[in-house]
Every structure is written in C-alpha cells, then in structure tokens.
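In what follows, a structure is listed as structure tokens, so that the remarks can point back to it.
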Amino acid sequence: MTDRELDAAGVGDPALREAYRRCRVLNARHGRTYFLATRLLPVERRPAVHALYGFARWADDIVDALGTGADTTRRDAELSALERELDKGLRDGDSAEPVVRALADTARRYTIDHAHFADFMAAMRADLVVTDYADYAELRRYMHGSAAVIGLQMLPVLGTVVPRAAAEPHAAALGVAFQLTNFLRDVGEDLDRGRVYLPADLLAAHGADRALLRWSRDTGRRDPRVTSALREFEALTRGVYREAAPGLAMLEPVSRPCIRTAFVLYGGILDAVARDGWSVLHHRAVVPRRRRAVVAADGLARVVAARLRARGGDGPPDVRQLDPYPAVSEGAA
C-alpha cells in the first residue's frame, strides 16, 4: 500500500500502517478483479477495502487448506482461534494479528455492524462440514454469511446518496452475484475440495448429480446433462446481477466507477464461461487481459468525470435522475 493512500486515510501508527499493507498484499495476490476495481476508489478509502478483503481471504484460506495436510479438526481449531482474535479485536479496537488489527480499525472508522463479521465466520465454519446444498433456498441462506454480508460491510466505505437501508438489499445481492459467479467458474476446483455448490435439485432437474460431475471431471469428457445444468445456473446468476444493478446508482458518485468495474468484470466471467461452452469442470474461464484493460480504462474515465462533477459544487445528485447501469448480459465484459 502506498504511503499516499495511508496518509490520505489518516493512518499514522506504524504498526497499523504495516497491518494495512499486509491486507493489500492479500488483495493483490488473490483477488485480481477485486484489486483492479479497488484502484478506482478515492485513495483514502482503499485501505479499508483491502482490510475487509484481506480478512475474508485469510479466513477462506483456512477453510480451503487443500493439500496442506490440515484436516477438519485442525482447520476448526484455526477458525476458532481466529474468531477469538476477531472478537477481541472488534471489542478493543486493536489486535496482535495484523490483519485483524486493520479490520478492527476499519470497522471502527466506518461504524460497520459487528454482526456482519459474526455471520461471515459462521458461514466459514459451515464450509468445514457442509459439502452440498439441497436447493437454492438453502444455498442462499449459506451465502448470506459468505457473500451478502461482504456487500453490507463494504457499503459504509463506499457511501450512498440514499438512506443506507435502501441500498443494503442491492449491496447484499451484488455480494451474492459475485460468489455465484465464482461457484460457476470454480465448479471443478470446488469438487476437488469435496464441495458442490450447485443445488442438488437443479442438477437433478437436468438428470445430473455429484457422481456425474465427478465422472466428467475425472475423465475430461463432457455430458449434455451437466452442460444443461450449468447453463441454468448461469441464467440464475445473471438474475441476481439484475437484483443488484439498481444499487449502483445509489452509491456515492466517487465510488460508482469501482463497483461498476467489478460488476462488469465479474459479469464477463459468465460470458467467458458461455464462450467456453460451460466446460468449467475441465478448465477455468477467464476474462481476456485486453478486455480487463478496456473496462478499467472506462472506469478511470468515470472516476475523472465524477471528481470533476464533485468540484463543480452541484451538491448530491438526485438518484432518480441517474442513468442506471445496464444489467450483466452477453458481451458485457
């Protein structure tokens, strides 16, 4: 993290500055799309986003310790230790663990509801024992803690031009849309971890099940029943993006380019999956680097425009007069 970002955020304590830098490294290393979008935020808000992402990444890495020899008991113990440190950090506003220290500072600065972190940790713990979901309603309950609360944590940092409560359902939906996109992209990798996030009833409606997914993954062969189920899951995911879309215009103008860029780039993953013929069991779909650069450049142009409007002193815009961003559709990214 640059000194300019930390100075702008008013982070002066050397240990706290180092904690935020640690979170930024986690973001840059593991969340390429998210990190790129974060670069479009005002400099003073970036450290908070890195702290939120860094903590979520740390907890997720504990759960997904594939190939490290860490069994469920070991991972459960590590999550419990993290929960204790989190509770203490949020209560005291500080922690010996750098990532928790940065998170606690961010939660204090932006008055983020501590319940969102508790719900997130409950979802991480569920991942230790739950390996599949009977239906979409069951999956959505899990994703409240694993994804929706991430959007709710972010909202105070991003700011809104409407009462925050009005924007919260859309922020939560965007967190869910991003995670559903990851589930579709990572079907094969999650299967190797022993998890299937595609609802069992959705698979069954197309004549597919976990065993068929495993067969396709192991043999490298495709099956039309699997492809049909993946297409439906993609369509379901696009519907959640449509739920989230109205919230983009509810954000503060300086935050919209960041979230719009993430919105378009994550939607582009769905487009890449479709272009690849829904072959996610065999390789990971990616948004081409050139396309990522074009979307980032568009986001940068929007940042400049938002800052110029802000300097014009026109006051907060009427959300009713703002052009809504388009819902994610084929070719959006």
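Below, all heavy atoms of this structure are taken into account, side chains as well, without hydrogens, waters or symmetry copies.
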Item to check | Leu139 and Leu180, any side-chain heavy atoms less than 4.5 Å apart | outcome: yes
Checklist entry - Does a donor on one side chain sit under 3.5 Å from an acceptor on the other, for Arg24 and Asn27? => result no
Checklist entry - With a 3.5 Å cut-off and no angle check, do the side chains of Tyr20 and Thr106 form a donor-acceptor pair? => result yes
Checklist outcome for this item: OG of Ser228 to CG of Leu203, rounded to nearest 0.5 Å, is 10.5 Å
Checklist outcome for this item: Here the gap from Leu202 atom CG to Tyr133 atom OH, rounded to the nearest 0.5 Å, amounts to 15.5 Å
Checklist entry - Do Arg74 and Asp71 sit within salt-bridge range, that is, some charged N less than 4.0 Å from a carboxylate O? => result no
Next on the checklist: With rounding to the nearest 0.5 angstrom, report the CZ to CG distance, Phe263 to Leu248.
Outcome noted: 5.5 Å
Item to check | Parallel, tilted or perpendicular, as decided by the 30° and 60° cut-offs, for the rings of Phe183 and Tyr142 | outcome: parallel
Checklist entry - Does a side-chain N-to-carboxylate-O contact under 4.0 Å join Arg217 and Asp192? => result yes
Item to check | Donor-acceptor under 3.5 Å (Arg256 side chain, Leu251 main chain) | outcome: yes
Checklist entry - Arg45 side chain to Ser255 main-chain N or O, any donor-acceptor pair under 3.5 Å? => result no
Checklist entry - Should the ring pair Trp58 and Phe55 be called parallel, tilted or perpendicular, given that the plane angle runs from 0 to 90° and is split at 30 and 60? => result perpendicular
Item to check | Ionic contact status for Glu234 with Arg231, cut-off 4.0 Å | outcome: no
Item to check | Sidechain-backbone polar pair: Arg185 side chain, Val280 backbone, donor-acceptor under 3.5 Å | outcome: no
Checklist entry - Does the side chain of Phe233 come within less than 4.5 Å of Tyr197's, by heavy atoms? => result no
Next on the checklist: When you measure from the side chain of Arg164 to the backbone of Pro156, do you find a donor-acceptor pair of N or O atoms at a distance under 3.5 Å?
Outcome noted: no
Item to check | Salt-bridge contact Asp271-Arg238 (side-chain N to carboxylate O under 4.0 Å) | outcome: yes
Item to check | From CZ (Arg222) to OG (Ser216), nearest 0.5 Å | outcome: 8.0 Å
Next on the checklist: Salt bridge check, Arg284 against Asp276: does any charged N sit closer than 4.0 Å to a carboxylate O?
Outcome noted: no
Checklist entry - Distance from Glu78 atom CD to Asp61 atom CG, nearest 0.5 Å? => result 10.5 Å
Checklist entry - Are side-chain heavy atoms of Val240 and Glu243 found at a separation under 4.5 Å? => result yes
Checklist entry - So, does Arg17 use its side chain to make a donor-acceptor pair with the main chain of Val11 at under 3.5 Å? => result yes
Checklist outcome for this item: One should read off an interatomic distance between Cys23 SG and Asp105 CG, to the nearest 0.5 angstrom, of 10.5 Å
Item to check | Any Pro47 side-chain heavy atom under 4.5 Å of Leu6 side chain | outcome: yes
Next on the checklist: With a 4.0 Å cut-off on N to O distance, would you call Arg195 and Asp127 a salt bridge?
Outcome noted: yes
Next on the checklist: Any carboxylate oxygen within less than 4.0 angstrom of a Lys/Arg side-chain nitrogen, looking at Arg84 and Asp87?
Outcome noted: no
Checklist entry - So, do Glu252 and Thr160 sit near enough that their side-chain heavy atoms are less than 4.5 Å apart? => result no
Next on the checklist: Would the distance check show the side chain of Arg108 and the main-chain N or O of Gly93 forming a donor-acceptor pair, the cut-off being under 3.5 Å?
Outcome noted: no
Checklist entry - Any salt bridge between Arg21 and Asp3, counting N to O under 4.0 Å? => result yes
